[in-house]
Number of protein chains: 2
Amino acid sequence: MQLVRTFSRVQRVIVQTLAAQDVTLPQFDLLATLRFSDGVTQQELAERLLVTKGNVCGLIDRLEKLGWVERRPDDHDGRVNRLHLTSRGRRKVEAVLPQHDAVVLRMMQGVSPDQVHALQSVLDQVERQATSDE
Amino acid sequence: MQLVRTFSRVQRVIVQTLAAQDVTLPQFDLLATLRFSDGVTQQELAERLLVTKGNVCGLIDRLEKLGWVERRPDDHDGRVNRLHLTSRGRRKVEAVLPQHDAVVLRMMQGVSPDQVHALQSVLDQVERQATSDE
DNA sequence: TATTGTTATACTCTATAACTATA
DNA sequence: TATAGTTATAGAGTATAACAATA
């Protein structure tokens with residue numbers, strides 16, 4: 001399956017690009033999610049990232065140690081933490097995103113707008129199907 | 001970037017499918033490569049899988065312990081190992097491949113033949129570009 | 001009781017680099 | 001010397017499961 005091989009190749013390029021900025025893919029995934037959903041709980045985040053709450057806990061530990069993320073207790077529910085980017089964390093993700101996008105764009109060079117459009121609808125379809133598999 | 005999110009999603013589904021058959025993605029990658037290139041050296045394999053020879057060494061250690069792969073010394077060069085699937089290994093990969101393909105096909109459900117064709121040319125392009133980035 | 005988050009354990013994968021044996 | 005493979009180390013990520021605190 002060419003599809004899978006190309007996916008792996010693309011991902012490897014992305015991982016390398018992130019590594020050059022000292023971020024892992026799961027970390028970037030988390031930061032990028034927080035950027036749009038500031039204040040989510042760890043449980044919500046685990047569901048969104050498709051990992052267990054135990055793993056999210058470890059991820060956040062590392063990101064908190066890096067000073068990019070912070071836990072704040074929920075006002076109404078003593079069990080819940082709400083997650084927020086620190087200003088350093090926001091600066092970090094804002095710095096990484098353009099480079100990330102640039103790499104993806106570079107890999108999409110030579111793909112015509114029509115093809116991009118077609119790809120988009122294919123991806124929508126695949127996304128729906130992949131999500132329903134879980 | 002929708003592209004990246006969908007890629008991750010697809011890969012996660014694939015990893016889960018492989019896990020249900022007690023194979024990791026790197027292991028499957030290696031087995032599938034050996035299936036078509038029986039007798040490659042560890043160095044060649046490392047280049048093909050884009051990991052270091054040290055990592056390939058560990059991967060093979062685990063696969064040898066599972067009885068799926070074996071190292072055989074090269075006849076002419078005392079430094080070289082050539083890698084072969086055992087019969088159990090071949091049975092394993094032949095058992096996993098159809099399920100793997102089925103999952104990919106299922107995710108591609110609802111994508112028209114025209115779109116698949118378009119996707120193919122996009123992937124070719126992306127593949128070329130991604131490879132040149134390294 | 002159920003849920004949120006934490007902790008412990010074990011394993012795979014990866015990067016890096018020093019090491020050996022052979023060429 | 002250069003190359004093929006091995007070994008050591010350290011770290012991230014993941015799965016699983018037991019645990020504490022709160023609801």
Side-chain angles (χ1 to χ4, degrees), chain A residues 8-9 11-31 33 39-66 68-84 134, chain B residues 8-9 11-31 33 39-66 68-84 134:
Chain A
S8 307
R9 187 82 64 166
Q11 197 189 48
R12 215 175 293 258
V13 173
I14 289 171
V15 167
Q16 285 172 353
T17 306
L18 291 175
Q21 297 167 288
D22 298 312
V23 189
T24 67
L25 188 50
Q27 288 171 357
F28 176 66
D29 205 4
L30 199 158
L31 293 176
T33 301
V40 291
T41 68
Q42 297 186 198
Q43 183 62 47
E44 285 166 356
L45 196 56
E47 285 158 16
R48 222 175 285 190
L49 301 180
L50 300 176
V51 295
T52 66
K53 55 188 177 166
N55 292 336
V56 158
C57 205
L59 258 172
I60 297 169
D61 284 348
R62 289 185 281 274
L63 290 173
E64 225 174 15
K65 200 176 294 179
L66 286 164
W68 294 341
V69 167
E70 64 179 13
R71 296 164 159 105
R72 297 188 206 149
D74 184 90
D75 289 338
H76 307 299
D77 189 333
R79 297 170 303 180
V80 171
N81 285 334
R82 300 207 164 266
L83 301 173
H84 300 271
E134 291 164 336
Chain B
S8 306
R9 187 81 63 166
Q11 196 189 48
R12 218 175 291 258
V13 173
I14 289 172
V15 166
Q16 284 173 353
T17 307
L18 291 174
Q21 296 168 289
D22 298 312
V23 189
T24 67
L25 188 50
Q27 287 170 358
F28 176 67
D29 204 5
L30 198 158
L31 293 176
T33 301
V40 292
T41 68
Q42 297 186 196
Q43 183 63 47
E44 286 166 355
L45 196 57
E47 285 158 16
R48 223 175 286 189
L49 301 181
L50 300 175
V51 295
T52 65
K53 55 188 178 167
N55 292 336
V56 158
C57 204
L59 260 173
I60 297 169
D61 285 348
R62 290 186 281 274
L63 290 173
E64 224 174 15
K65 200 175 294 179
L66 286 164
W68 294 342
V69 166
E70 63 180 13
R71 295 164 158 105
R72 297 188 206 148
D74 185 272
D75 290 338
H76 307 299
D77 189 333
R79 299 169 302 180
V80 170
N81 285 334
R82 299 206 165 267
L83 301 173
H84 302 269
E134 290 165 335

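Chain naming here is simple, since letters A, B, ... match the order of the sequence lines and numbering starts at 1 in each. Everything numeric here is computed off the predicted structure, so don't read it as measured data.
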Whole-Å distance separating the CG atom of A/Leu50 from the C1' atom of D/dA15: 14 Å
Atom pair distance, as rounded to whole Å: CG in B/Asn81 and P in C/dA23: 13 Å
A/Val40 and its side-chain contact (heavy atoms from CB on, under 4.5 Å) partner, picked from A/Glu44, A/Gln42, A/Gln43: A/Glu44
Residue whose closest nucleotide on DNA chain D lies nearer the 5' end, B/Gly58 versus A/Gly58: B/Gly58
Sugar-phosphate only, base, or nothing, as touched by B/Arg71 at under 4.0 Å among non-hydrogen atoms: sugar-phosphate
B/Asn55 side chain near C/dA15 phosphate (N/O to OP1/OP2, under 4.0 Å): yes
Carboxylate-amine/guanidinium proximity below 4.0 Å for A/Arg82 and A/Asp77: no
Whole-Å gap separating P (D/dT22) and CD (A/Gln43): 18 Å
Atom-to-atom span, CZ of B/Phe28 to P of C/dT12 - whole angstrom: 19 Å
Phosphate-side-chain proximity, B/Gln16 and D/dA15, N/O vs OP1/OP2 below 4.0 Å: no
Spacing of B/Leu59 atom CG relative to C/dA15 atom P, expressed in whole Å: 11 Å
Sugar-phosphate only, base, or nothing, as touched by B/Gly54 at under 4.0 Å among non-hydrogen atoms: base
pair A/Thr33-A/Asp29: side-chain heavy atoms closer than 4.5 Å: yes
Spacing of B/Asp74 atom CG relative to D/dA4 atom C1', expressed in whole Å: 11 Å
B/Lys53 or B/Arg62, whichever maps to the more 5' nucleotide of DNA chain C: B/Arg62
Sugar-phosphate only, base, or nothing, as touched by B/Asp77 at under 4.0 Å among non-hydrogen atoms: sugar-phosphate
Phosphate-side-chain proximity, B/Arg79 and D/dA2, N/O vs OP1/OP2 below 4.0 Å: no
A/Thr24, nearest nucleotide to its side chain (from D/dT6, D/dA12, C/dT6): D/dA12
Atom pair CH2/CD of B/Trp68 and B/Gln27 - distance to nearest 0.5 Å: 6.0 Å
Pairwise side-chain contact, B/Asn81 with B/Arg72, heavy-atom cut-off 4.5 Å (strictly under): no
Atom pair distance, as rounded to whole Å: CD in A/Gln42 and C1' in D/dT22: 15 Å
Nearest listed nucleotide, side chain of B/Pro26, among C/dT4, C/dT6, C/dT14: C/dT14
Atom-pair distance (CZ on B/Arg12; P on D/dG13), nearest Å: 12 Å
